[in-house]
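I'd like to ask you about the structure that follows.
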Amino acid sequence: MVFYKSLIQWYLQNKRDLPWRKTDNPYFIWLSEIMLQQTRVAQGLPYFLSFTEAFPTVFDLANAPEEKVLKLWQGLGYYSRARNLHATAKHVAYNLDGKFPTTYKELLKLKGVGDYTAAAIASISYGEPVPVVDGNVYRVLSRYFGVDTDISSTQAKAEFRELAGSQLPKDNAAEFNQAIMEFGALKCVPKSPDCANCIFNANCVAYATGRVGELPVKLKKTKVTPRYFNYLIVKDADGNSLMQKRTAKGIWHNLYEFPLLETLTEVPEKDTAHLIDTFPGFDFPVADIKLLTPEKVIHKLSHQHLHIRFWEVKTNSVVKNALSHSELRALPVPVVIHNFIDKHWV
DNA sequence: AAACCGGGGTC
DNA sequence: GACCCAGGTTT
C-alpha cells in the first residue's frame with residue numbers, strides 16, 4: 001500500500017484524544033502549535049487547557065497584560081514563545097479584525113511562526129497541502145527511506161520537506177501531517193522502537209539494513225557552559241523581599257527573580273561581606289547574611305548549567321519596593337525561583 | 001551557519 | 001549523562 005494510506009489508516013486507529021483535535025479553529029490550532037514547539041504533548045497539555053480557559057478568544061489573549069500571559073506560561077520554558085504569542089494575538093485582534101491569516105505564506109509572517117508552525121496551521125485549519133517537518137518527521141522519513149543527511153544541517157530541512165511533500169496527499173494534508181507526527185511520537189520513537197510489530201517493517205529501509213539505531217543522523221552536539229548565580233533574599237522589618245525584572249537579553253527575559261549577583265566562580269561560604277559590598281543598590285543596613293542553600297543546586301538548561309545559591313539578607317529597616325509573600329508569588333518567575341519559594345518560605 | 005533560548009521525560 | 005521534544009529568532 002502507498003505510504004500515506006497505511007500511515008493515515010494507522011493514525012485513525014491509534015491517535016490520542018487531544019483537545020486541539022476537536023477543532024479546526026485557527027486560534028486554538030495556533031495556540032497548541034506554539035506550545036508544542038520543542039515540547040512534549042504531556043507537558044504542553046495542561047497549559048493548553050489553562051490558556052483556553054483564561055483566554056477563550058484571541059481578543060482575550062490580546063487584552064491581557066504580558067505579566068499575566070507569562071505567569072500562565074511559567075514552567076513551560078522558551079519564554080520568547082509567550083512574548084511572541086502575545087504580540088501576535090494583539091496583531092490579529094487589532095490589525096486583522098480577529099481573523100488569522102489563511103495561507104501558509106501569510107501565516108509565516110506572524111511572530112513566533114516559522115516553517116513548521118505555518119504549515120501545521122495551514123494544513124490543519126484550512127487543508128492547505130503543505131508538509132510539516134518536525135523532529136518526528138525527520139525520524140520517520142529518515143528511517144523509512146534510509147536518508148542519512150545530517151538533520152542539524154541547513155539543507156536537511158529542504159530535503160525532508162521535499163520528501164514529505166512528495167508523500168503528502170493533497171486532499172488530506174491535515175490528517176497526513178498529524179499522522180506522521182503521531183506515528184513518530186508513539187511508534188517510531190528515538191530509542192528502541194518496536195520494529196517487530198511495526199506496520200512498515202516490510203518496507204522500512206532502516207529496518208531492512210539494520211540502521212534503525214543510527215537514523216536519523218544528527219551531528220551537532222550542544223555545548224554546555226556553567227554559570228554561578230547568587231540570589232539575595234532580602235528580609236526586611238516587615239518580612240518583605242525584593243524582586244526585579246530580567247530586562248537584559250538572554251534567559252528568562254521579562255521574568256522576575258530575586259536580586260542577582262552573578263560570579264565567574266563559586267563564592268566561598270564565608271565571603272559574605274564581598275556579596276554585599278559588590279551588590280549595587282543595597283542602600284539599607286544589613287543586620288545579617290547567611291547561606292540558605294549550602295547543598296549544591298544545579299539548575300540544568302539545554303545550554304547552561306546554573307550553579308545557584310540563595311543567600312538570606314536580613315535588615316531591621318523597611319526596604320522600599322519590597323514585596324510581601326503573596327505579591328511576589330503573583331509574579332512570573334523561572335522554575336528554580338518558584339521551587340525555592342515553595343520550599344523555603346514560611 | 002551557528003548560537004541562543006527551558007524544562008522535563010527517557011533510557 | 002546524553003538525547004529528545006508537534007522550532008523560531010538572532011547574530
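Throughout, protein chains are lettered first and strands after them, A, B, ... in sequence-line order, and every chain is numbered starting at 1.
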### Query
Have A/Glu66 and A/Asn254 got a donor and an acceptor in their side chains that come within less than 3.5 Å?
yes
### Query
Base, sugar-phosphate, or nothing: which does A/Trp73 touch, judged by heavy atoms less than 4.0 Å apart?
nothing
### Query
Got a sec: does the CD of A/Glu262 have more than 12 other heavy atoms crowding it under 6.0 Å?
yes
### Task
List in numerical order all residues of residues 35-54 of chain A for which some heavy atom is under 4.0 Å away from an atom belonging to DNA chain C.
A/Leu36, A/Gln37, A/Gln38, A/Thr39, A/Arg40, A/Val41
### Task
Using atom types as modelled and distance alone, determine if a side-chain donor or acceptor of A/Arg81 lies under 3.5 Å from a backbone N or O of A/Leu76.
yes
#### Entry: Least distance between heavy atoms, A/Arg211 atom then A/Val205 atom
NH2-CG1, 3.9 Å
### Message
Quick one: does any side-chain atom of A/Asp97 pair with a main-chain N or O of A/Lys99 as donor and acceptor, under 3.5 Å?
### Response
no
### Query
Heavy atoms under 4.0 Å, any strand shown: does A/Ile34 hit a base, just sugar-phosphate, or nothing?
nothing
May I have the list of side-chain donor-acceptor pairs in residues 1-10 of chain A shorter than 3.5 Å, sequence neighbours left out?
none

### Task
Determine whether the aromatic ring centres of A/Phe100 and A/Trp30 lie less than 6.0 Å apart.
yes
### Query
Where along residues 168-194 of chain A does a heavy atom fall under 4.0 Å from DNA chain B?
none
#### Entry: Of A/Leu110 and A/Leu18, the one whose closest DNA chain C nucleotide lies more 5'
A/Leu18
## Note on the structure
Of all heavy-atom pairs linking A/Tyr27 and A/Thr57, the shortest is OH-O, 3.4 Å
### Task
Please find out if less than 6.0 Å separates the ring center of A/Trp73 from that of A/Tyr47.
no
### Message
Please give me every residue in residues 125-161 of chain A whose heavy atoms get under 4.0 Å of an atom in DNA chain C, ordered by residue number.
### Response
A/Asp134, A/Gly135, A/Asn136, A/Arg139
### Task
Quick one: closest heavy-atom pair of A/Ala119 and A/Tyr104, and the distance?
N-CD1, 3.5 Å
### Leading and trailing nucleotides of DNA chain C with any atom under 4.0 Å from heavy atoms of chain A
C/dG1 to C/dT9
### Query
Is there a donor-acceptor contact under 3.5 Å from the side chain of A/Asp238 to the main chain of A/Asn240?
no
### Message
With a 3.5 Å distance limit and no angle check, can you tell me whether A/Ser153 reaches the backbone of A/Thr149 through a side-chain donor-acceptor pair?
### Response
no
### Query
Checking A/Thr293 side chain against A/Phe310 main chain: does a donor-acceptor pair fall under 3.5 Å?
yes
### Message
Using modelled atom types and a 3.5 Å cut-off, is there a donor and acceptor pairing between side-chain atoms of A/Ser125 and backbone atoms of A/Asp24?
### Response
yes
### Query
Of the non-hydrogen atoms in A/Arg16 and A/Ala185, which two are nearest, and what is the gap between them?
NH2-CB, 3.9 Å
Which atom pairs link the protein and nucleotides 3-5 of chain B when you take only N or O atoms and keep those under 3.5 Å?
unit_1 : atom_1 : unit_2   : atom_2 : d
B/dC5  : OP1    : A/Ile251 : N      : 3.4
B/dC5  : OP2    : A/Gln304 : NE2    : 2.8
B/dC5  : N3     : A/Tyr78  : OH     : 3.4
B/dC5  : N4     : A/His303 : NE2    : 3.4

### Task
Go through A/Ser80 and A/His253 one step at a time and tell me if the side-chain contact (heavy atoms from CB on, under 4.5 Å) criterion holds.
CA-CA 8 Å; A/Ser80 66; A/His253 184 70; over 6 Å; no
### Query
What distance, rounded to whole Å, do you find between the two P atoms, one in B/dC4 and one in C/dA6?
25 Å
### Message
For the P atoms, the ones on C/dT11 and on B/dG6, what distance do you get once it is rounded to whole angstrom?
### Response
15 Å
### Query
In whole angstroms, how far is the C1' atom of B/dG7 from the CG atom of A/Leu255?
13 Å
